[in-house]
Amino acid sequence: MSTKELFAILQEKLNRARLDPNLTATVFFNITEPDPARWHGRIDGGGAELLDGEPPAPDITITASSATVLGLFQKTVNPMMAFMTGKIKLKGDPAKVAVLKGLLFQK
């Protein structure tokens, strides 16, 4: 699966999700080799969308290899271990990270 295919699946999940209308966040996904991508997600007013490119001021930045991101989605990579070993780098609001982790990586 490519990162482009993954983000299409994530957009479908976001379209079906029931989001807290009070939740607002902008998340930047900086995906590195071997299949690099730069995407950002905006959540606001109970809706969400994924867009190509880097946002001007993200609340959260997630940096990881494409292999790590795909492994997280496929549940072959443990998120906590990946974070603790430096395979995932997070910058931003920890509370929003926790909400988004549950939203994006649950079946």
Self-check item: Single-linkage hydrophobic cluster Phe28~Ile62, side-chain heavy atoms < 4.5 angstrom
Solution: no
Quiz item: CG of Asn78 to NZ of Lys87: how many Å apart, nearest 0.5 Å?
Solution: 10.5 Å
Practice problem: State, with a plain yes or no, whether a side-chain heavy atom of Gln74 is found less than 4.5 Å away from one of Met1. | Solution: yes
Self-check item: Thr68 (side chain) donor-acceptor with Ala64 (main chain) under 3.5 angstrom
Solution: no
Exercise. Look up atom CG in Leu50 and atom CG in Leu6, then write down how far apart they are to the nearest 0.5 Å.
Key: 9.0 Å
Practice problem: Would you check, one step at a time, whether the test side chain to side chain contact (heavy atoms under 4.5 Å, CB included) holds for Phe29 with Thr61? | Solution: CA-CA 6 Å; Phe29 298 92; Thr61 299; over 6 Å; no
Practice problem: Measure the spacing between NZ of Lys4 and CG of Asp52 and express it to the nearest 0.5 Å. | Solution: 8.5 Å
Quiz item: Relative to the ring of Trp39, is the ring of Phe7 parallel (under 30°), tilted (30 to 60°) or perpendicular (over 60°)?
Solution: parallel
Exercise. Determine the minimum heavy-atom distance between Thr3 and Ser66, stating which atoms define it.
Key: CG2-CB, 3.6 Å
Quiz item: Any side-chain heavy atom of Phe73 within less than 4.5 Å of one from Leu10?
Solution: yes
Quiz item: Are Leu19 and Leu51 joined in one hydrophobic group, where the rule is that I, L, V, M, F, W and Y side chains link up if heavy atoms are under 4.5 Å apart?
Solution: no
Exercise. Tell me, with the steps shown, if Asp35 and Ser2 meet side-chain hydrogen bond (donor to acceptor under 3.5 Å, both in side chains).
Key: CA-CA 7 Å; Asp35 184 18; Ser2 71; 4.6 Å; no
Quiz item: Is there a path from Ile9 to Leu70 through hydrophobic residues (I, L, V, M, F, W, Y) whose side chains come within less than 4.5 Å of each other?
Solution: yes
Quiz item: Within a strict 4.5 Å, meaning less than it, do heavy atoms of the Thr24 and Ile43 side chains meet?
Solution: no
Self-check item: side chain to side chain contact (heavy atoms under 4.5 Å, CB included), paired with Ile88, selected from Val69, Leu72, Val77
Solution: Leu72
Quiz item: Gln11 and Glu49: side chain to side chain contact (heavy atoms under 4.5 Å, CB included), yes or no, with the steps?
Solution: CA-CA 6 Å; Gln11 180 63 64; Glu49 63 181 338; 4.0 Å; yes
Self-check item: Test side-chain hydrogen bond (donor to acceptor under 3.5 Å, both in side chains) applied to Asn30 - qualifying residues, sequence neighbours left out
Solution: Arg38
Quiz item: To the nearest 0.5 Å, what is the distance between OG1 (Thr63) and CD1 (Ile31)?
Solution: 8.0 Å
Quiz item: Nearest heavy-atom pair of Asn15 and Ala48: which atoms, and what distance?
Solution: OD1-O, 4.3 Å
